[in-house]
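Heads up, the thing below is written out as structure tokens.
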Amino acid sequence: MKDILAQMITRAALKAHEQGILPSDAIPQPSLDEPKQESHGDFSTNIAMIMAKPQKMAPRKIAEAIVDNLEDPENFLVQTEIAGPGFINFHMRPSLWQRVVKNVLDKGPEFGRSQIGAGQKVQVEFVSANPTGPLHVGHGRGAAVGDAVASLLAMCGYEVEREYYINDSGRQIRTLGLSVWLRYCQLKGREIDFPTDCYQGGYIRDLALSIDSEKLADLDSMAEEDAVLWCARFAANDILDGIRQDLKDFGVIHDVWFSEQSLFDDSSVQKSLEFFEKSGDIYEKEGAKWFKTEARGDEKDRVVVRNNGLTTYFASDIAYHKNKFDRGFDRVIDVWGADHHGYIARMKAAVEAVGRSKEAFEVVLVKLVNLLRDGEPLAMTTRGGTFETLSDVVNEVGADAARFIFLSRHYESPLDFDLELAKKQTSENPVWYVQYVHARTCSIVVKSADFGVPLDFAWDPDQEILKEIEEIRLMKALARYPEIVENAARSLEPHRITFYLRELASAFHSFYHDHMVLKEDQAPVLTKARLDLVTAVRQVIKNGLDLLGVSAPESM
RNA sequence: GCGCCCGUAGCUCAGCUGGAUAGAGCAACGGACUUCUAAUCCGUAGGCCGCAGGUUCGAAUCCUGCCGGGCGUACCA
């Protein structure tokens with residue numbers, strides 16, 4: 001509808017120019033807003049104000065020229081007015097909104113799909129927690145955000161792949177093995193001071209215990225170093241299995257699990273180091289090898305090979321991101337915890353060195369989650385081993401509530417997650433509010449099957465049938481959905497869907513409260529039109545919740 | 001010190017990349033069930049958009065400088 005209006009405005013402006021009213025032929029693309037105030041019409045444009053300078057005319061004069069030349073053969077407009085400093089407000093024929101109902105029903109799950117991605121390949125890498133311990137709530141937020149961002153992009157015509165990067169190489173894995181090994185030795189009765197730089201969580205002891213009780217390996221007869229390595233592999237696999245299970249329970253599925261170790265095994269890291277040494281991006285200083293990131297916008301150059309010969313994390317990350325682009329992705333999006341934000345500049349520099357633009361690589365930084373219970377903060381230190389795991393939270397409040405709450409804020413603002421509130425089945429808990437709409441609409445649709453009056457006929461959307469203000473507001477909300485999805489995808493901000501769903505839900509509840517759908521003593525055509533409206537609402541709520549990875553229950 | 005993020009109603013946050021009288025949820029107060037689910041709805045109240053300048057027809061939004069908070073700043077992972 002906006003497109004049609006924009007065309008009408010452009011045509012009117014050109015006509016005014018031909019008549020000599022507007023001196024310049026520079027007509028910008030009109031942008032149409034939906035005014036906050038309903039009295040300002042359904043749409044408004046600021047084009048007259050924008051044109052004031054190039055046209056050297058007063059905005060209101062320009063607006064007049066445009067309005068006078070508007071052609072509206074199909075009677076889309078019931079009223080057009082010039083307001084304020086030069087806004088043009090358009091009041092649409094109310095029945096026009098009815099078209100959206102048909103449109104939603106025709107498209108079904110596809111309503112909201114667009115092609116702005118034009119088939120570009122994009123990879124979203126998220127969670128990627130080290131397999132040294134179970135996922136905690138912060139990872140959960142990252143999982144919800146990454147998954148929703150991926151879904152949004154897929155809905156907008158991108159070819160999307162979800163990936164998990166497994167940090168299964170290097171020192172922290174060895175530390176993991178050592179931690180398990182030492183706990184194992186303790187279980188065997190040896191007196192050992194457990195080092196503070198080892199993993200303290202209770203799951204380490206559980207792992208050691210299971211090795212012993214299930215006789216998984218004869219560690220006692222191994223050389224200590226072999227035993228540690230064995231423990232490392234065993235523990236990492238076991239923990240990774242747990243992570244996979246946690247994600248599955250949370251409804252998140254990655255297409256690819258990419259191993260860091262594999263980059264060493266196939267010498268990708270080595271090759272990329274050699275490549276950049278040749279290209280001059282890597283140089284030696286003080287016995288270490290440095291990557292020239294400062295010249296590409298970082299604060300300073302970064303070490304990739306330490307003077308002890310070991311590569312840094314950054315070295316494998318360079319190889320990894322080179323690998324991503326080699327796989328043909330046009331865009332690469334990493335979802336990181338906010339504590340890694342110091343890493344962005346060097347990574348962008350590396351991507352540029354690989355020969356891609358910095359814009360092809362984006363980082364979504366997810367801020368931390370403060371876990372609360374009845375308003376009181378819960379301590380989440382790994383050291384004490386008392387942190388709340390994702391699975392604890394999911395078991396307590398359910399995956400739906402957790403995901404919805406994780407997506408209820410911009411990901412860059414810290415999130416307070418109150419476990420008690422998430423469990424409440426009241427209006428304080430937004431996920432219920434939205435899901436309830438779906439349940440209510442389903443209930444109406446089910447009941448309509450037994451309704452006394454036959455409803456299997458079509459109604460003419462050009463006749464004004466749905467004219468109550470609550471109906472119009474509801475239809476306008478439906479019509480907004482595709483653009484919301486598009487903007488959310490463009491800005492990688494799934495919380496916009498969450499906010500939208502609350503608005504749509506609110507519009508529905510108001511409608512529901514004031515108007516019966518299945519009512520005996522009302523014109524069947526109105527009943528049918530309302531039933532279609534309700535069915536369309538159900539569809540859009542479902543589509544939106546799908547994007548967020550939240551279920552849409554048929555009854556509650 | 002330097003870099004990034006943030007400062008909007010009592011609380012938690014939106015604000016569509018510059019628009020009209022700044023919004024929503026919760027909390028508070030007052031109403032609404034003979035109705036397809038009251039897990040709902042309607043109304044009231046609540047504001048120097050951190051402060052001060054600048055850019056322009058127009059600023060919560062863009063720029064600069066302060067004030068206040070969070071995070072980062074390893075030859076760690």
Using a 4.0 Å heavy-atom cut-off across all strands, classify A:Thr132 as base, sugar-phosphate, or nothing.
-> nothing

Verify the stacking flag for A:His40 against B:A20: centroid separation must be under 5.5 angstrom and the ring planes must differ by under 30 degrees.
-> yes

Tell me whether the OP1 or OP2 atom of B:G31 has a side-chain N or O from A:His513 closer than 4.0 Å.
-> no

What does A:His515 touch in the nucleic acid at a heavy-atom separation under 4.0 angstrom: a base, only the sugar-phosphate, or nothing?
-> base

5'-to-3' dot-bracket of RNA chain B (Watson-Crick, G-U; under 3.5 angstrom; crossing pairs as [ ]; | other strand) | (((((.(..((((.....[...)))).(((((.......))))).....(((((..]....)))))).)))))....

Examine A:Phe291 together with A:Tyr283 and report whether their ring centres are nearer than 6.0 Å.
-> no

Could you tell me which residues satisfy ring-ring contact (aromatic ring centres under 6.0 Å, His included) with A:Phe264, sequence neighbours excluded, listed by chain and number?
-> none

Centroid separation A:Tyr433 to A:His509 less than 6.0 Å = yes

Touch class at under 4.0 angstrom, heavy-atom based, for A:Tyr433 against every strand present = sugar-phosphate

Which part of the nucleic acid, if any, lies within reach of A:Ala83 when heavy atoms closer than 4.0 Å are counted: base, sugar-phosphate only, or nothing?
-> base

Ring stacking, A:Phe87 with base of B:A20, under 5.5 Å and under 30°?
-> yes

With sugar-phosphate meaning primed atoms plus P, OP1 and OP2, does A:Asn130 contact a base, only sugar-phosphate, or nothing at under 4.0 Å between heavy atoms?
-> sugar-phosphate

Verify the contact: side-chain N or O of A:Arg490 to OP1 or OP2 of B:C16, cut-off strictly under 4.0 Å; return yes or no.
-> no

Which residues within residues 521-534 of chain A lie with some heavy atom under 4.0 Å of an atom in RNA chain B?
-> none

